[in-house]
Amino acid sequence: MSSLQAEVEQRGERIFDLVDQHPESLFSRAGFYQRMMALSMRDEHFKVQMFRFVDVLASLRRGSDIVQHLDEYFADMRNGFAPMIHTGVRVAKVVPWISGRVLRWNVSGMARQFIAGKNPEDVMKTLRRRRKEKIGFTVDLLGEAVVSETEADEYAARCLELLEGLAAQTRGWTDPLGAGAELFPVVNVSVKISALYSQMNPADPADAIAHLGPKLRPILRRARELGAFINFDMESYAHKNTTLALFKMLFTESEFRDWLHAGIVIQAYLRDADRDLRDLIAWGRKRGTRFTVRLVKGAYWDYEKIKSRQNGWPIPVFLQKPASDANFETLSRVLLENESIVTAAFGSHNVRSIAHAQAVAEQLGIDRSRFEFQLLYGMAGPVKRALVEMGYRVREYCPVGELLPGMSYLVRRLLENTSNEGFLRAKFSENVAAAELLRDPHELVRQSANGSEADGETRAVASVEFNGASRETPPGDTYENAPLANFVYKQSQEQMRTALREVGAQLGRKYPLVIAGEKVRAKETTASINPSAPNQIVGDVAAAGIPEAERAVEAARRAFEKWSRTPFEERASLLERVAAIMERRRYELSAVEVFEVGKPWAEADGDIREAMDFCLFYAQQMRLIGRPRLTQHIPGEESYQHYWPRGVALVIAPWNFPMAILCGMVSAALVTGNTVIMKPAEQAAVCGALLMEMFEEAGAPPGVVNFLPGHGSVIGAHLVDHPDVDMIAFTGSREVGLRIWESAGKTRPGQRELKRVVCEMGGKNAVIVDSDADLDETIVDSIYSAFGYQGQKCSALSRLIVLEENYDRVMERLLSAAASLRVGNPEEPGITVGPVIDETAYRRILQIIETGKTEATLAFQATSVPAEGYFVPPTIFTGVKPHMRLAREEIFGPVLSVLKVRDLDEAIEVANNTDYALTGGFFSRSPANIERVKAELVAGNVYINRSCTGAVVGRHPFGGFKMSGGGTKAGGSDYLLQFLLPRVVTENIMRHGFAPEETPLYREEFLPRDALRRRHTNR
Ligand SMILES: Cc1cc2nc3c(=O)[nH]c(=O)nc-3n(C[C@H](O)[C@H](O)[C@H](O)COP(=O)(O)OP(=O)(O)OC[C@H]3O[C@@H](n4cnc5c(N)ncnc54)[C@H](O)[C@@H]3O)c2cc1C
């Protein structure tokens, strides 16, 4: 054993001895809380329900609501809690008023376990008590999720008030250790950066810093005058780089350069932590003044893991607990070795981590007065006492505020206390032996049978069995989505900036038609305009006339003969090659979308990702359905079902997802063996031309895809009616969609097939806000759903239906959140609202707003939008009634109508009372109401407690019914079937009473002969 390990063990045992002299349960407050936590640790389902119940409780006002939620959350419990709950609920139903109060009191008691006071005065009681115990404090103002600048300004004002209050109340307090006091002011305040600016966007750290600097400077100035210390807490990974950059910028400014009472947090669970810490230290040395680093493991582990998995990003945190512990130790040493410039604060309750820091400090000869241990209020009381007794400096992190804004903090603490892997649970609840708790985490990492972190991760991904669909495998699980670009990384930001520069320098290119593999110049061209700067021509695209349309049909018909007989494997590979080209040109394509259709960065990237997903997903789906498959095992007979392509597919796409929707429809048609005439929207024809380029580069044979931009009124109707066009895949307006649907229904002379129409149209999407909804989530997601990409998504939120009980609270926050939105040219990162697509849309939407003013109340309209370009100010109408045009007609712009309703019955009725059925949403924390809405909301895609836009291929097959479309689901497992003709071949295989015993599951001879031949020669 190394001498350091021996020292760590000795110190750890000493702490444990002291801890055991004052035994205390993990949950120092007995009673309700203790019972809840014990049950949570035994029963995962109970834990989930319990945390959800705690989460909603603070927002419930009536006793009867509390009782109802209690019943809904725990009615199906089958553990020791069940009888208690059932009796409780029975009693409560009789006297809901009292029971509600009792429950609220009990849960508030749980919160009081972790929240040191409601306000600065209230917290002083705790701070005075701690002072007697020689424990210092840092106070944190609860309230992290600010949705508007009003809320952010309030937070800044409260920080100043807090500083003043603490300074006044602690006048005359001295440092508990005496020595080293100059490094550790008595008043210490921890601030959360995200609470000071509501529009933080990882893609735009410069904007965040520009807004945060002016808010923080007065706080820092006052803190300095008062002799206080300010610490920047660290939050989710998305804000990490901005927080670090902001810290460095502010404390390099001449006013604060020589101030040593500033600190920041490093989270050891992050793989970046080592690099970040060393960067900080190098910065500190250059600055020349001491600063503090609080080293913690990190409080958002579950969140980071979930978020990364959802977006296909590398997971920024370690995945094995000992790896975080080991990194904490490595970084403890780095901190202590640089004690000459950085003061270390170790934020941990883990005795091993603490003992290790002590041992390294001892080894390096650093006096114990020159660093400190920080622990959270309400946790590990005996450890704090033990450290004080050993003569160490201890500071307690004391959150202050109301329960409602403090809920996410409370839930993080509950999670931490019940975590299977946490130290506190192991020591104080499960009594794990000291020797076990003091083991060297580096050794545990080495020993881990799983090997390296990366191996563990790779295995987790590989465990998903691709192409191995079974009844138990959800269809989406067989497919892994392409990742989104993560603009947290500087590199991604730079790549996007470079792409914008390069694409911007080459605007105005000319794009020909492509028919039968030949570039064709047309008599007419259409200029595609940048809606942010209408004088700028993004590209000049040829516009086909009737003769070119005829040639395209002929080419597609000719190419069909061969393409339909090409093995599906080759067709699928073509799509995969297109996806690979998109990946290579990803930022360039996003940049083109920014210029051509005014998409903000993340929206543009999302569109490219979706296009890639369509290619990859449909390729995979084709492999699943491509082989003729036995329909049933029956002796003496074989029946195989398989598919033939339909023929020539006409694809007519909209401009709002210029790459994804066009590519989705084209790739579905191609992979199923059809040939395609691709007609992009006029406003997004450059994107269409680039897609054509990529299909050509990927090796699409001549005539298989034909690029035919042009005016819908000239070639659209002609092609729809053409007898040689076998199917039409259309996404766009209701007006055009219905015309196509009707026209395609007529059979014309020479027509071989009944035309199939895949038709996706608009929506008048509603989101209902229940009286118990989590408003932090509701406001952010509703604002995004309504105004993201200027409301120009068919899935966008158009009607917000709010229950009257909650109405005032929702509106207050909604209006101020809308007022905080960033409207501007989307070339700038971090813009949420850009221009609408063109002048016609601009005028139409402004006209709708004018008419809207005559029927409802204009509650909000943004005042500052760029003068140049088609910028429609985000607008909110209230007092909207279901019969009004604002509530019935699709607007396709940044206009939101708010409808107030009595109750959920009325809300559902209003939501469903529309011609459309595309997306719908519900914000609620009532399990019963959620179940009801899931069952009753009439929409193709129903979203609960999240935004109603942003469908992901494979995960959220997308499409609606009623006047929203023909009931198809793009990105779903049955989408390809619409591009195919099903066929069954049955053979009697019995001869004179004798039949083979086995029939193969697949038979390839039903595939077209050419395909078979090639399949065999390719082997
Ligand atoms: C004074 C103070 C201030 C704090 N400020 C911040 C802050 O600004 N930002 C912040 O994020 N946190 C902050 N924290 C919270 C802190 O991150 C958690 O309390 C801490 O992670 C718990 O660690 P521990 O050493 O006490 O317990 P332990 O039980 O030893 O460690 C638990 C931690 O290990 C990590 N972990 C758990 N499971 C795994 C796994 N499977 N793989 C890898 N790692 C895992 C997680 O970080 C988890 O929180 C602060 C804590 C204190 C005491």
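Order of listing sets the numbers, starting from 1, for every ligand and every atom in it.
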Worksheet item: salt bridge (charged side-chain N to carboxylate O under 4.0 Å, His left out) with E362: which residues, sequence neighbours excluded?
Response: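 E362: salt bridge (charged side-chain N to carboxylate O under 4.0 Å, His left out) contacts with R11.
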Practice prompt. Only counting residues at least two apart or in another chain, list the ones meeting salt bridge (charged side-chain N to carboxylate O under 4.0 Å, His left out) with E416.
Written response: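 If we apply the salt bridge (charged side-chain N to carboxylate O under 4.0 Å, His left out) test to E416, skipping adjacent residues, the hits are R413.
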Practice prompt. For residues F318 and Y269, establish whether the separation of their ring centroids is below 6.0 Å.
Written response: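 That pair fails the under 6.0 Å test.
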Consider every N or O of [X] and every N or O of ligand 1, then say whether any pair is closer than 3.5 Å.
{"X": "Q267", "result": "yes"}
{"X": "G298", "result": "yes"}
{"X": "S353", "result": "no"}
{"X": "E416", "result": "yes"}
{"X": "N350", "result": "yes"}
{"X": "E235", "result": "no"}
{"X": "S324", "result": "yes"}
{"X": "M234", "result": "yes"}
{"X": "L376", "result": "no"}

Worksheet item: Can you list the atoms of ligand 1 that are under 4.0 Å from a heavy atom of L375?
Response: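 Per the distance check, 1 (C), 53 (C).
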Worksheet item: At a 4.0 Å threshold, what atoms of ligand 1 neighbour a non-hydrogen atom of V265?
Response: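 Those atoms are 7 (C), 8 (O).
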Worksheet item: What part of R352, side chain from CB on, backbone N/CA/C/O, both or neither, has a heavy atom under 4.0 Å from ligand 1?
Response: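 R352 to ligand 1: no contact under 4.0 Å from either part.
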Practice prompt. Quick one: look at A299 and ligand 1, take heavy-atom pairs under 4.0 Å, and tell me if it's side chain, backbone, both or neither.
Written response: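 It is both backbone and side chain that touch ligand 1.
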Practice prompt. For residues F229 and L260, report the shortest heavy-atom separation together with the two atoms involved.
Written response: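 Closest heavy-atom pair between F229 and L260: CE1-O, 4.4 Å.
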Fill in: Salt-bridge criterion met for K192 and E235 (N-O under 4.0 Å)
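Between E235 and K192 there is no salt bridge, as every charged N stays at least 4.0 Å from the carboxylate O atoms.
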